[in-house]
Every structure is written in C-alpha cells, then in structure tokens.
2 protein chains.
Amino acid sequence: MQFSKSTGYALHALIHLALSERGHNIGIKPLATSLGVSESYLSKIMSKLRQDGIVRAVTGASGGYELARSADQITFLEVIHVIEGRQQLFECLNGNAHLQKEFSAIADLSGRKECLVQKVMNGAELQMQQYLQANTIQSVIDSGSIE
Amino acid sequence: MQFSKSTGYALHALIHLALSERGHNIGIKPLATSLGVSESYLSKIMSKLRQDGIVRAVTGASGGYELARSADQITFLEVIHVIEGRQQLFECLNGNAHLQKEFSAIADLSGRKECLVQKVMNGAELQMQQYLQANTIQSVIDSGSIE
DNA sequence: TCTATTGTAGATCTCTAATATCCATTATAG
DNA sequence: CTATAATGGATATTAGAGATCTACAATAGA
C-alpha cells in the first residue's frame, strides 16, 4: 500500500504555485519541467485539482494555473482525497455471509453487524487523516523557510 | 490507496486462531471456508505469517496452524507489515535532480536534502502506525466480547 | 480576424502489483 | 503405507497506476 506518484506531483505542483506571485499564472510547461514529469501526465492531475476547486486554470495564450484559494486553506488531506479518491483505506470483505454470524462482527446501535477489524482500521485511518488535515500547503512553505 | 484484501484475510484468520483452544491446530480447510476464500490463496498468506513468527504450522495429517505467541503480543501493525511490506507510505520522487535545488527540500542535520512533503507524509504515517501498534488481536477480541 | 498558445477531454497503451490457481514435494499422524 | 496437510515454485488473470497522443476549445496579441 502506497500513495500514488500522482499525489506527490500534485502536492509539489501546489507548493510551486503557492510560491509564485499572486495573480501570476504558471503554465503546464514550466511546471512539468520543474517537477521532472511529462506535460500530458501532469495536466491530468491539474485538471482534477481544478475540478475540485483547488486551482484555477486559464486556457489560451499566456494561460496557466494558479491557486484558487490561499495556501493555508488547502490541506494535505483534501489534495489526497482528490487524487486518491475517497474510499476508505480498509474495506472489510463484507456482504460475505460468514461475517453475519461471526466472532469478529458486533452489532452496532442500529442492529447492523459491524466488522471489528474494520473498526480498528477506521480508527487508524482517522488518526492519519487528522494529521493530514492539520497540514496545509502554507505550513510546508513556512517550515521550509526556517532553513 | 487501500490495504490489500490479503491483510484483511490475515487479520481475520489470526482472530480465528486466537479464539480456538490452546494447543489445538486449525487446518487451512476450515479456516478458508470460514473466511470465504480459497485454500490455495489463504495458504500463501499463512506461510508469510509463519515465516515471520506470527503463527506456527504443523505439516502432515491433523496438522494446521496456531498462534506462535499470545494474542496480545500480536499487533495490527506487525501483521500489516508482514503482508503489505515495509516500504513507507509515501516515497518522494527523489534522486530527481530538481529536488536538490528546490523550494520543497530542506537540508537535514547531516546536510542531506530532505523533501518537505515527505516529512509531512511520514508524520501522518507515524500517527497511523502508533494506533495500529496499540491494537492487538487480543484487544479486538476483548472489544467483541462486550456484545 | 488570424494565429500561436495553452488547457481539456477522450481514447488508448504499457507496466506493475494484487489476486488467484495448480502442482510437485515434503512432512507426519495413525 | 497411506491419507492428510503445509510448502514453494510456477503461472495465469485482473485491475489500476502510470503515461502518451490527438482532436478540440478558449484566449491573448498581432
């Protein structure tokens, strides 16, 4: 299990945009060159970020991308959700009949059986998400400036 | 990004073993039936758990598997590491020359450049790992018994 | 208006890892 | 011995990530 490369590119691209002058677009070309990735591949990633309102894009000559919000309003968690999708990290093999009658399932308040393994994994995921929610594009930039 | 199905099978199988009488082997057949997975596939998973000292296996007639340690000495984190491998959740596109001179890299104590995105992701992973370390096969069983 | 530039969307291709199965071999209880 | 059961190797199969290409739409500037 690993984060995709796309997530890495997205985060680095956003940091790059955050560091550029306000109101100044950056085209896919310099962005792709700077990250060492092809333009066509990065453009797919940027499109996702645009569809989710994280960046703005201007088409046409001298167009490009800029952040749609201030860098401290863009959390790692949100970027990851956009790129990786929002399915949970662990999905119990539910619907499988065996769980309905089993040791590792427990009825929740509504009487529905819930997998106990799933519960632990959800807890673990939540821990990670809280950390990623607390970290923004801006906070990374700030931590870099103490160099 | 998701945990593999194998991890789910491994955890459920271990809970199953933990609930059986001490000193009593469970064969791959009833185990696989109970989890709703093929014997051949599950046996690969069990072999990994054995190689890592989490379960013991007895070959031959009336052989089978049992826990190699008490259930409270088997953490979720360890099981996940055995099945998923130990690479970190996020690996920065390092070695890429661009990072050596870039905004999102900072020199660590030894003078080596470290990726700032990587640092945040490592922090997030650590949060999750601490939680998974604190949860054992036994703790899941205990939480189930209050049903 | 024309043209060069730039992002968008769809199709498609490759490659890898997860999932899954089969079989020959080894080990052991009875 | 024999039936049973785990092991390890080889080998599909599949899904998703990674990556590229092209036709198209939008826009700035000549």
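Every chain is numbered from 1, with letters handed out A, B, ... down the list of sequences.
Spacing between atom OH of B:Tyr65 and atom P of D:dT4 amounts to 17 Å, rounded to whole angstrom units. Separating the CD atom of A:Glu91 from the P atom of D:dA15 is a distance of 16 Å, rounded to the nearest angstrom. Note: CG (B:Leu31) to C1' (D:dA6) measures 13 Å, nearest angstrom. Atom C1' of nucleotide C:dT19 and atom CG of B:Leu35 are separated by 16 Å, given to the nearest angstrom. Summarising the geometry, the separation between CD1 on B:Ile26 and P on D:dA5 is reported as 13 Å, rounded to the nearest angstrom. Here the C1' atom of nucleotide C:dG7 and the CD1 atom of A:Ile45 are 15 Å apart, to the nearest Å. Residue B:Gln87 contributes atom CD, which lies 13 Å from atom C1' of C:dT16 at whole-angstrom precision. The CD-C1' distance, from B:Glu84 to C:dA17, rounds to 11 Å in whole Å.
Comparing A:Met1 and A:Gly64, the nucleotide of DNA chain C nearest to each residue sits closer to the 5' end for A:Gly64.
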side-chain hydrogen bond (donor to acceptor under 3.5 Å, both in side chains), that's the test. Do A:Gln87 and A:Glu91 meet it? Break it down for me. CA-CA 8 Å; A:Gln87 6 78 26; A:Glu91 279 176 13; over 6 Å; no
For B:Tyr65 and B:Asn25, what are the C-alpha separation, side-chain angles and deciding distance, and is it a side-chain contact (heavy atoms from CB on, under 4.5 Å)? CA-CA 5 Å; B:Tyr65 301 94; B:Asn25 284 337; over 6 Å; no
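Within the 4.0 Å cut-off from OP1 or OP2 of C:dA17, not a single side-chain nitrogen or oxygen of B:Ser4 is found.
Within the structure, every pair that satisfies the side chain to side chain donor-acceptor pair (under 3.5 Å) test and touches residues 41-52 of chain A, not counting sequence neighbours, is listed here: A:Ser6-A:Tyr41.
Of all heavy-atom pairs spanning A:Leu132 and A:Thr75, the tightest one is O-CB, 3.9 Å.
For the residue pair A:Ser4 and A:Glu84, a side-chain donor N or O sits within less than 3.5 Å of a side-chain acceptor on the partner.
Hydrophobic clustering (ILVMFWY, side-chain heavy atoms < 4.5 Å, transitive): A:Val117 and A:Leu126 are in distinct clusters. When the side chains of ILVMFWY residues are joined at heavy-atom separations under 4.5 Å, either directly or via intervening members, A:Leu89 and B:Leu77 end up in a single hydrophobic cluster.
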Quick one: which protein N/O atoms are closer than 3.5 Å to N/O atoms of nucleotides 19-21 of chain D? Pair and distance per line, please.
| unit_1 | atom_1 | unit_2 | atom_2 | d |
| --- | --- | --- | --- | --- |
| D:dT20 | OP2 | A:Ser38 | OG | 2.7 |

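Each of B:Thr136, B:Asp142, B:Asn135 was evaluated against B:Gln138; a single residue qualifies, B:Asp142, per the side chain to side chain donor-acceptor pair (under 3.5 Å) test.
Nearest nucleotide to the A:Lys29 side chain, out of C:dT6, D:dA17, C:dT8: C:dT6.
Heavy-atom distances under 4.0 Å link DNA chain C to B:Thr59, B:Gly60, B:Ala61 of residues 48-61 of chain B, given in residue order.
Atom OG of B:Ser20 sits about 7.0 Å away from atom CG of B:Leu67, to the nearest 0.5 Å.
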